[in-house]
Amino acid sequence: MATSRIAVVPTKVTQMKVAVVPKAGADFQIIERPIPEPGAGQVRIKVQACGVCHSDVLTKEGAWPGIQYPRVPGHEVAGVIDEVGAGVSTWQKGQRVGVGWHGGQDGTCRECRRGDFRNCRNLKICGISYDGGYQQYMVAPVEALAAIPESLSDAEAAPLLCAGITTYNALRHSGALPGDLVAVVGVGGLGHLGIQFAAKFGYQVAAIGRGSENTTLAKKLGASVYIDSTATNAAQALQKLGGAQVILATAPSSKVMSELIDGLAPNGKLMVVGATFDPIEVTPIQLISGSRSIQGWASGTPADSEDTLRFAELTGVRPMIETFPLERADEAYARMLSGKAEFRVVLTM
């Protein structure tokens with residue numbers, strides 16, 4: 001006897017899970033929202049992974065001027081383009097992309113007109129100016145997108161879009177040459193990547209940390225010397241090695257940065273990437289003597305992100321990560337804040 005077949009049409013998914021901060025200082029709420037539609041010049045990203053960065057405190061606690069709530073944090077986003085908006089032709093559905101701290105620029109300010117998009121005066125920040133990656137789908141402007149190489153997993157790529165680009169970009173613009181002594185302060189979320197990049201750049205790398213327990217890891221990451229700042233004067237130890245051409249300060253401690261300035265070689269530079277609100281103490285004589293300098297460095301543009309990702313792919317630099325599902329965003333955020341994570345916390349969808 002003949003039987004009839006009924007075609008089953010898959011139900012279109014219209015809702016997504018979101019970890020949202022309803023107001024400054026509030027706990028994360030896991031809610032459902034309609035999946036957003038991209039506007040002109042935008043794409044929709046199906047988020048696969050999103051790093052939990054210490055800078056997400058700015059969103060969570062309302063520390064960024066003018067931030068509006070509710071807001072979804074997350075500026076270490078790795079995923080796949082799920083839909084493109086009107087006028088988008090250079091990016092296609094199915095393409096792997098990431099979004100970092102640099103979430104777009106106005107294109108009209110003095111800095112943008114000179115190509116210095118990193119210092120746009122009206123910079124958009126993913127997870128602050130608009131909703132970021134603590135959700136299953138997000139919308140981003142095309143000027144925020146970076147292509148992700150196929151050989152990098154989403155969970156590996158996500159931290160490279162902030163911690164990775166910050167250390168990579170600061171080092172390659174520091175003026176240090178292969179063979180120079182470069183010190184990396186901190187063996188943590190930023191520092192463990194900074195040590196790897198510095199070693200792959202061909203520098204003599206001195207890692208500086210608190211306690212002897214980091215010695216083995218620092219050398220495994222590529223440091224030729226480990227300096228325990230609790231057991232020795234780190235600045236003097238650097239001078240015994242000839243002085244550091246660059247000190248990459250990843251640990252957010254102004255006190256530590258101040259203590260290390262005397263460890264710089266003539267024409268040496270303290271590159272500051274560890275964010276803190278306390279002042280760095282330095283005397284004019286310390287800078288004048290030896291023509292030393294201090295420079296801050298923010299992350300970079302999506303083009304810089306692509307350089308970082310390609311370099312990591314080529315050299316084997318990888319972040320050490322701990323993963324949590326999106327539903328445990330509160331736990332993941334607390335783990336990041338604890339300082340005990342090894343070393344980057346990543347949400348997976």
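Throughout, residue positions are numbered sequentially from 1 according to the sequence presented.
- When hydrophobic clusters are built by joining Ile, Leu, Val, Met, Phe, Trp and Tyr residues whose side-chain heavy atoms come closer than 4.5 Å, directly or via intermediates, Leu177 is not grouped with Leu248.
- A donor-acceptor contact shorter than 3.5 Å links the side chain of Arg96 to the backbone of Leu152.
- Contact record, Pro36 with Tyr137: CD-CB, 4.3 Å, taken as the closest heavy-atom pair.
- Ile285 and Leu270 fall into different hydrophobic clusters, where Ile, Leu, Val, Met, Phe, Trp and Tyr are joined by side-chain heavy atoms under 4.5 Å apart, directly or via other members.
- Proximity of a side-chain donor or acceptor of Lys60 to a complementary backbone N or O of Ala26 within less than 3.5 Å is detected.
- A donor-acceptor contact shorter than 3.5 Å is absent between the side chain of Tyr134 and the backbone of Gly127.
- Ion pairing between a basic and an acidic side chain is recognised when a charged N comes within 4.0 Å of a carboxylate O; Asp131 and Arg71 show such pairing.
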side-chain contact (heavy atoms from CB on, under 4.5 Å) between Arg292 and Val282, worked out = CA-CA 11 Å; Arg292 299 178 177 94; Val282 59; over 6 Å; no
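- Between Ala24 and Glu61, the shortest heavy-atom distance links the atoms CB-O, 3.8 Å.
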Apply side-chain contact (heavy atoms from CB on, under 4.5 Å) to Ile261 and Ile294, showing your working.
-> CA-CA 9 Å; Ile261 291 169; Ile294 301 173; 4.0 Å; yes
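- Atom CD of Glu281 has 12 or fewer neighbouring heavy atoms from other residues, nucleotides or ligands inside a 6.0 Å radius.
- Judged by distance alone, with hydrogens and angles left aside, the side-chain atoms of Asp228 form a donor-acceptor pair with the main-chain N or O of Gly211 at under 3.5 Å.
- There is a path of hydrophobic side-chain contacts, each under 4.5 Å, that joins Met16 to Leu347.
- For Gln245 (side chain) and Asn267 (main-chain N/O), a donor-acceptor pair under 3.5 Å exists by modelled atom type.
- Using a cutoff of 4.0 Å between basic side-chain nitrogens and carboxylate oxygens, Arg335 and Glu331 are not scored as salt-bridged.
- A distance of 6.0 Å separates CG of Leu241 from CD1 of Ile227, quoted to the nearest 0.5 Å.
- The shortest non-hydrogen separation linking Ala163 to Leu190 is CA-CD2, 3.5 Å.
- Hydrophobic clustering places Leu238 together with Val225 (ILVMFWY residues linked when any side-chain heavy atoms are closer than 4.5 Å, directly or through intermediates).
- Of the candidates Thr166, Asn169, Leu171, Val273 forms a side chain to side chain contact (heavy atoms under 4.5 Å, CB included) with just one, namely Thr166.
- Between Asn233 atom CG and Asp262 atom CG the span is 8.5 Å, to the nearest 0.5 Å.
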Could you give me the CA-CA distance, side-chain angles and deciding distance for Arg33 and Val20, then say whether side-chain contact (heavy atoms from CB on, under 4.5 Å) is met?
-> CA-CA 10 Å; Arg33 276 184 182 175; Val20 64; 3.6 Å; yes
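- Leu161 has its side chain within reach of Leu309: a pair of non-hydrogen atoms, C-beta onward, lies under 4.5 Å apart.
- Across all their heavy atoms, Val80 and Gln48 have their closest contact at CG2-NE2, 4.0 Å.
- Distance CD/Gln135 to NZ/Lys46: 12.5 Å, rounded to 0.5 Å.
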Stepwise, does the side-chain contact (heavy atoms from CB on, under 4.5 Å) test hold for Arg110 with Arg121?
-> CA-CA 8 Å; Arg110 180 180 183 274; Arg121 299 192 183 200; 4.1 Å; yes
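- Side-chain atoms of Thr250 do not come within 3.5 Å of backbone N or O of Gly274 as any donor-acceptor pair.
- Looking at Pro38 and Val84, their side chains never come closer than 4.5 Å, going by heavy atoms from C-beta outward.
- Interatomic distance, CD1 of Ile148 versus OG of Ser305, reported as 9.5 Å (0.5 Å rounding).
- The number of heavy atoms from other shown groups lying within 6.0 Å of CD (Gln68) does not exceed 12.
- Between the side chain of Glu306 and the backbone N or O of Pro302, no donor-acceptor pair lies under 3.5 Å.
- The OH atom of Tyr203 sits 4.0 Å away from atom OG of Ser174, with the distance rounded to the nearest 0.5 Å.
- Expressed to the nearest 0.5 Å, how far CD of Gln29 lies from NZ of Lys23 amounts to 9.5 Å.
- For the pair Tyr130 (side chain) and Pro141 (backbone), a donor-acceptor distance under 3.5 Å is absent.
- Between Trp64 and Trp101, the two ring planes are perpendicular [angle over 60°; tilted spans 30° to 60°].
- The closest donor-acceptor contact from the side chain of His192 to the backbone of Met320 lies under 3.5 Å.
- No side-chain heavy atom of Asp180 sits less than 4.5 Å from a side-chain heavy atom of Val246.
- Looking at heavy atoms from C-beta onward, Arg210 lies in side-chain contact with Ser229 at the 4.5 angstrom threshold.
- Between Lys200 and Tyr168, the closest side-chain pair of non-hydrogen atoms is not below 4.5 Å.
- Side-chain atoms of Gln204 do not come within 3.5 Å of backbone N or O of Ala223 as any donor-acceptor pair.
- Contact of the Phe28 side chain with the Pro73 side chain is registered, since non-hydrogen atoms from C-beta on lie closer than 4.5 Å.
- With contacts defined as side-chain heavy-atom distances shorter than 4.5 Å, the pair Met257/Val185 does not qualify.
- Side chain to side chain, Asp304 and Thr301 meet the donor-acceptor criterion of an N or O pair below 3.5 Å.
- Side-chain atoms of His54 and Leu337, non-hydrogen and from C-beta on, do get closer than 4.5 Å to each other.
- Residues Arg44 and Glu37 share a closest heavy-atom pair of NH1-OE2, 3.3 Å.
- The same ILVMFWY cluster, assembled from side-chain heavy atoms under 4.5 Å apart, contains both Phe324 and Val72.
- Contact between Ile195 and Ala218 at its shortest, heavy atoms only, is CG2-O, 3.9 Å.
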